[in-house]
Amino acid sequence: MTFLCICTYFKGVEFLKSCKAEGNTVYLLTNKKLEHKPWPCESVDEFFFLDNVENTFDTYQKILTGLSNLMRSKKIDRVVALDDFDVEKAALVREHFRIPGMGQTTARYFRDKLAMRVQAQDSGIAVPPFSPLFHDIDITEYLQKTSPPWVIKPRSEASAAGIKKVHSFQEAWDTLHTLGDERHNFLIEQFKPGDVYHVDALTVAGKVIFARSNQYLNTPFEVAHGGGIFRSVTVEHDSQDDKALKKMNEQVMKAFGLKFSASHTEMIKCYEDDKFYFLETASRVGGANLAEMVEFSSDINLWREWAKIETAVATGGSYELPRVEDDYSGIVISLSSHQCPDYTPFNDPEIVWKMDDEYHIGLIVRSKSREKVMELMEKYAKMIRDLGYHASAPAPDKPVH
């Protein structure tokens with residue numbers, strides 16, 4: 001089988017390696033700026049590059065024209081988007097060349113935050129009160145019947161980039177006016193204070209076969225907009241929260257029509273009513289090294305297993321999930337004022353991974369005890385601040401490629 005992988009961020013190395021190890025031909029379409037990143041060249045048969053990776057008609061036309069020329073001599077059997085930003089590109093290619101897999105309608109549910117909310121709400125899944133930003137009277141009525149604060153979100157940006165928090169009717173409208181002709185590409189949602197969780201999962205034949213529940217100790221919004229330290233930990237296995245999160249994840253995958261893929265779904269447990277609300281989902285592996293954190297708690301490498309699933313589906317073969325472990329893991333990551341931080345002070349035996357990225361510091365710990373993981377998460381966040389490693393930067397309006 002020949003796989004075209006689309007990834008305009010540097011990620012998915014394990015997917016590419018696994019896909020090639022399964023005996024496939026692997027093509028990679030990526031950002032020209034990432035040409036010299038340490039891609040696993042031995043696992044990629046041919047690279048293709050885009051000078052402009054924005055999801056515009058011009059970019060789409062270049063992709064279709066380039067692939068139409070390629071496919072005169074080389075067949076492509078499957079297309080996989082390894083990042084949120086490329087889901088539309090992959091769906092377009094599948095639709096245009098009639099390649100099996102997720103089409104543009106289903107892809108919307110895993111990319112467009114407005115489509116997600118409408119579909120979830122229509123399927124009986126709890127979501128924070130929201131409104132599209134199309135019709136002035138509808139927006140005014142929404143603001144009058146809900147209470148602040150609200151968040152104004154881009155419909156199609158991954159991460160917390162571009163989100164604005166507003167605290168009054170007037171501030172909401174003032175912010176909407178600044179969006180100009182781009183207003184239709186945003187939505188407004190009531191801000192519900194609570195703890196944010198993520199479920200990282202694998203789905204085969206429409207059935208979730210693996211799911212791991214995790215809790216952000218600092219939400220992505222807090223980190224992006226408050227300069228915080230990113231942390232996440234495994235939820236207590238078989239707890240009420242764990243069961244509720246996995247149930248909601250299954251409901252979302254069913255409602256959104258996911259047949260086979262990795263997924264990363266976020267929910268919030270509201271302080272006001274202690275209930276879970278769906279926030280958003282993505283048909284890919286979670287970012288910010290969450291895949292590594294999940295692997296250390298479960299022994300399941302999401303990138304690797306996703307590639308095996310895609311291959312099994314494409315070839316009509318079967319897929320068997322490896323044995324799942326039930327350990328606990330936690331991750332802490334921060335921007336650093338040091339180009340190459342000294343990890344010497346971080347020497348607990350539970351440390352299983354250290355980040356190797358300039359001007360960043362990051363650790364993953366693993367233990368049989370969730371209490372021990374939580375203890376180390378608190379300890380390391382304090383050390384990163386107290387030792388002068390922590391740095392922060394203004395939140396970008398858009399994710400950086």
Side-chain angles (χ1 to χ4, degrees), residues 1-9 11-30 39-48 63-64 66-111 200-211 253-254 256-264 281-286 291 300-322:
M1 288 285 171
T2 298
F3 278 75
L4 172 67
C5 299
I6 306 178
C7 192
T8 52
Y9 287 76
K11 60 169 55 174
V13 168
E14 284 299 319
F15 183 99
L16 298 170
K17 288 180 178 179
S18 182
C19 194
K20 186 62 181 177
E22 291 293 306
N24 300 303
T25 298
V26 180
Y27 298 144
L28 177 63
L29 175 62
T30 187
W39 297 105
C41 295
E42 71 284 354
S43 299
V44 179
D45 293 272
E46 196 165 351
F47 286 84
F48 303 97
I63 291 173
L64 294 180
L67 287 177
S68 67
N69 290 323
L70 173 72
M71 290 177 69
R72 291 173 185 174
S73 58
K74 298 177 180 179
K75 188 177 181 181
I76 293 174
D77 299 297
R78 290 294 188 273
V79 182
V80 182
L82 301 184
D83 185 76
D84 265 356
F85 193 71
D86 304 310
V87 168
E88 291 105 324
K89 299 182 185 75
L92 173 72
V93 171
R94 295 188 199 102
E95 293 270 19
H96 188 78
F97 294 106
R98 311 317 302 165
I99 296 171
M102 185 186 295
Q104 289 172 297
T105 298
T106 303
R108 278 264 178 174
Y109 299 143
F110 293 92
R111 178 66 176 147
D200 299 273
L202 296 169
T203 296
V204 178
K207 179 178 175 60
V208 177
I209 62 165
F210 168 80
M253 295 304 111
K254 181 179 179 181
F256 290 11
L258 189 69
K259 300 301 182 186
F260 53 90
S261 182
S263 61
H264 173 79
T281 190
S283 56
R284 46 82 176 168
V285 173
I300 299 297
N301 183 297
L302 293 169
W303 288 112
R304 192 179 303 137
E305 299 310 315
W306 182 16
K308 292 178 181 179
I309 290 168
E310 292 280 355
T311 301
V313 171
T315 60
S318 60
Y319 170 81
E320 185 174 341
L321 183 72

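Salt bridge status for Glu22 with Lys308: absent, with no side-chain N to carboxylate O gap under 4.0 Å. A salt bridge between Arg284 and Asp83 is absent, with no side-chain N of the basic residue lying under 4.0 Å from a carboxylate O of the acidic one. Ion pairing of Lys74 with Glu46 is present here, as a side-chain N (NZ or NE/NH1/NH2) and a carboxylate O approach within less than 4.0 Å.
Taking every heavy atom of both residues into account, Thr105 and Glu95 meet most closely at N-OE2, 4.4 Å. Heavy-atom minimum distance, Asp86 versus Ala81: O-CB, 3.4 Å. Of all the heavy atoms in Arg78 and Val313, the pair that sits closest is NH2-O, 3.9 Å. Here the closest non-hydrogen pair linking Tyr9 and Phe85 is CE1-CB, 3.8 Å. Taking all atoms of both residues into account, the shortest heavy-atom contact from Gly257 to Thr106 is O-CG2, 4.1 Å. The minimum heavy-atom distance between Pro322 and Ile300, with the atom names listed, is O-CD1, 3.8 Å.
A distance of 13.0 Å separates CZ of Phe260 from CG of Leu202, quoted to the nearest 0.5 Å. The line from OG of Ser283 to CZ of Arg111 is 10.0 Å long, rounded to the nearest 0.5 Å. For the atom pair CG (Leu64) and CG (Leu92), the distance works out to 4.5 Å, reported to the nearest 0.5 Å. Atoms CD1 and CD, from Ile309 and Glu320 in turn, are 12.0 Å apart once rounded to the nearest 0.5 Å. Here the CZ-CG distance, from Phe48 to Leu70, works out to 4.5 Å after rounding to the nearest 0.5 Å. Rounded to the nearest 0.5 angstrom, Ser18 OG and Asn301 CG are separated by 8.0 Å.
A tilted orientation is assigned to the rings of Tyr109 and Phe256, their planes being inclined by 30° to 60°.
In Lys20, the NZ atom is crowded: over 12 heavy atoms of neighbouring residues, nucleotides or ligands sit closer than 6.0 Å.
At least one side-chain heavy atom of Glu305 sits less than 4.5 Å from a side-chain heavy atom of Tyr319. Side chains of Lys17 and Glu42 form a contact here, defined as non-hydrogen atoms less than 4.5 Å apart. Here the side chains of Ile76 and Phe97 are not in contact, with every heavy-atom distance at 4.5 Å or above. Within the 4.5 Å cutoff, the side chain of Met102 has heavy atoms near those of the Leu258 side chain. Residues Leu4 and Leu67 meet the side-chain proximity criterion, which asks for heavy atoms closer than 4.5 Å.
The ring of Phe3 has its center no closer than 6.0 angstrom to the ring center of Tyr27.
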**Report entry** Pair Phe15-Cys7, side chain to side chain contact (heavy atoms under 4.5 Å, CB included): steps then yes or no
**Finding:** CA-CA 11 Å; Phe15 183 99; Cys7 192; over 6 Å; no
Query raised in the report: Stepwise, does the side chain to side chain contact (heavy atoms under 4.5 Å, CB included) test hold for Leu29 with Phe47?
Result: CA-CA 6 Å; Leu29 175 62; Phe47 286 84; over 6 Å; no
Report task. Applying side chain to side chain contact (heavy atoms under 4.5 Å, CB included), run through Thr203 and Phe210 and close with a yes or a no. Result -> CA-CA 7 Å; Thr203 296; Phe210 168 80; over 6 Å; no
Report task. Take Trp306 and Val80, measure what side chain to side chain contact (heavy atoms under 4.5 Å, CB included) needs, and give me the verdict at the end. Result -> CA-CA 10 Å; Trp306 182 16; Val80 182; 3.6 Å; yes
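Between the Thr311 side chain and the Ala307 main chain, a donor and an acceptor come within less than 3.5 Å of each other.
The one candidate from Val79, Asn24, Asp45, Asp77 that meets the side chain to side chain contact (heavy atoms under 4.5 Å, CB included) condition with Thr2 is Asp77.
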